*Asks:* 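For reference, the structure I am asking about is given below.
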Amino acid sequence: MPRPPLAREKVLDAFEAILIEEGERAATLEATAKAAGVSKGGLLYHFGSKDELEAGLVERLDRLTTLDLERMTAADEGPVAYYVRTSVMEDDALDRVLIAATRLAQGGSIAAADMLRDTRRRWAETIRPHVRDSASLDLVMLVSDGLYFNNSLDVHGPERLVPRSDELAELIALVLKATA
């Protein structure tokens, strides 16, 4: 699949950044064009409306999820360990688009909410064959959700909310043992 034009990606990057930093209401066409360093006409060339911008972001989430699923199925450590380990955000492209899509969903975007549910469903379907039962799958998904949520709260203060390095490896080993 060919990569979208650079200018189009630059506009989507700006839209995504505004959603993350300021929320859905601030992510106007004008603010997006300004943040992307393009004219409003330049933005409208690629995205004719805010709905089209939102659709572009949802497509990005779908594309990055597909890439993540490919990495998950190919991971030497296995899909369960990969999924739990990567639930600790690292400010990568997938993390950013997940947060931006969440902001859209919170603002009422049905398409973003549907894609977020579909993303979670696809992850679960990839993990399901690697755990013993539905309770084990729930355990993996909920541990992952908790890591992701607590990572968003972790400001690296005195109490570490999210395990790192060895602690994360110990947690992954515990989850693998409980779900095998």
Side-chain angles (χ1 to χ4, degrees), residues 4 8-36 43 46-73 75 79-128 137-157 160-164 168 171-172 175:
R8 184 179 191 279
E9 289 298 298
K10 189 174 177 181
V11 168
L12 268 179
D13 290 345
F15 183 60
E16 180 180 272
I18 294 168
L19 286 167
I20 292 168
E21 295 164 17
E22 300 176 48
E24 185 268 336
R25 289 185 184 154
T28 64
L29 293 176
E30 294 78 11
T32 301
K34 182 178 179 183
L43 179 146
H46 295 287
F47 301 98
S49 66
K50 187 171 179 183
D51 287 342
E52 287 184 25
L53 260 174
E54 290 179 8
L57 191 85
V58 167
E59 289 170 15
R60 177 182 274 183
L61 175 54
D62 185 45
R63 179 173 39 85
L64 291 173
T65 298
T66 298
L67 292 171
D68 187 60
L69 290 167
E70 290 169 3
R71 286 190 296 270
M72 183 186 294
T73 57
V80 173
Y82 173 93
Y83 187 68
V84 173
R85 180 180 51 76
T86 60
S87 294
V88 177
M89 291 187 282
E90 296 179 352
D91 192 34
D92 68 9
L94 181 57
D95 292 331
R96 288 189 301 278
V97 76
L98 280 166
I99 294 167
T102 300
R103 299 277 198 273
L104 286 176
Q106 291 167 337
S109 170
I110 293 169
D114 287 346
M115 181 54 69
L116 288 165
R117 278 190 293 277
D118 188 58
T119 296
R120 194 167 196 284
R121 179 193 56 76
R122 291 168 66 195
W123 280 327
E125 284 178 0
T126 302
I127 293 165
R128 183 172 282 113
L137 177 61
D138 289 342
L139 174 66
V140 171
M141 301 303 288
L142 292 171
V143 165
S144 171
D145 289 347
L147 284 169
Y148 196 81
F149 174 76
N150 281 291
N151 192 98
S152 71
L153 301 175
D154 189 355
V155 292
H156 308 291
R160 302 286 289 171
L161 300 175
V162 178
R164 300 283 198 272
L168 184 57
L171 177 63
I172 290 168
V175 169

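Because the structure is predicted, anything quoted here is derived from the model rather than measured.
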*Asks:* Under 3.5 Å, side chain of T65 to main-chain N/O of L61, donor-acceptor pair present?
*Replies:* yes

*Asks:* Within the structure provided, determine whether E16 and I20 are in side-chain contact (heavy-atom separation under 4.5 Å).
*Replies:* yes

*Asks:* Would you call L98 and L64 a side-chain contact if the rule is heavy atoms closer than 4.5 Å?
*Replies:* no

*Asks:* If you look at every heavy atom in A112 and A101, which pair is closest and at what distance?
*Replies:* CB-O, 3.5 Å

*Asks:* Between T32 and V11, which heavy-atom pair has the shortest distance, and what is it?
*Replies:* CG2-O, 3.6 Å

*Asks:* Just do the side chain to side chain contact (heavy atoms under 4.5 Å, CB included) check on R60 and E9 with the steps written out, would you?
*Replies:* CA-CA 10 Å; R60 177 182 274 183; E9 289 298 298; 2.8 Å; yes

*Asks:* Would you say that M141 contacts I127 through its side chain, given a criterion of any heavy-atom pair below 4.5 Å between the two side chains?
*Replies:* yes

*Asks:* Mind checking whether L29 and F47 have side chains closer than 4.5 Å, heavy atoms only?
*Replies:* no

*Asks:* Which heavy atom in G56 sits nearest to a heavy atom in R8, and how many Å separate them?
*Replies:* CA-NH2, 4.3 Å

*Asks:* Are the side chains of Y148 and I99 in contact, using a 4.5 Å heavy-atom criterion?
*Replies:* yes

*Asks:* Please give me the minimum heavy-atom distance between A27 and L19, naming the atom from each residue.
*Replies:* CB-CD2, 3.7 Å

*Asks:* Tell me, yes or no, whether the heavy-atom count around I110 atom CD1, taken from other residues, nucleotides or ligands under 6.0 Å, exceeds 12.
*Replies:* no

*Asks:* What distance do L94 atom CG and L67 atom CG have between them, rounded to the nearest 0.5 Å?
*Replies:* 9.0 Å

*Asks:* Enter the distance from E125:CD to L137:CG here, rounded to the nearest 0.5 Å.
*Replies:* 10.0 Å

*Asks:* If you define the side chain from C-beta out and look only at heavy atoms, does anything of F15 sit under 4.5 Å from K50?
*Replies:* yes

*Asks:* Can you tell me if R71 has over 12 outside heavy atoms packed within less than 6.0 Å of its CZ?
*Replies:* yes

*Asks:* Thinking salt bridges, do D62 and R122 make one under a 4.0 Å N-O criterion?
*Replies:* yes

*Asks:* Would R63 and E59 count as a salt bridge (Lys or Arg N to Asp or Glu O under 4.0 Å) if you check the C-alpha gap in whole Å, the side-chain angles of each, and the deciding distance to 0.1 Å?
*Replies:* CA-CA 6 Å; R63 179 173 39 85; E59 289 170 15; over 6 Å; no

*Asks:* Atom CG of D68 and atom OG1 of T119: how far apart are they, to the nearest 0.5 Å?
*Replies:* 9.5 Å

*Asks:* Can you see whether S109 engages R103 through a side-chain donor-acceptor pair at a distance of less than 3.5 angstrom?
*Replies:* no

*Asks:* Any non-hydrogen side-chain atom of D145 less than 4.5 Å from a side-chain atom of R120?
*Replies:* yes

*Asks:* If you define the side chain from C-beta out and look only at heavy atoms, does anything of T126 sit under 4.5 Å from E70?
*Replies:* no

*Asks:* Do D118 side-chain atoms and D114 backbone N/O form a donor-acceptor pair below 3.5 Å?
*Replies:* no

*Asks:* Can you see which heavy atom on V97 is nearest to which on L57, and at what distance?
*Replies:* CG2-O, 3.7 Å

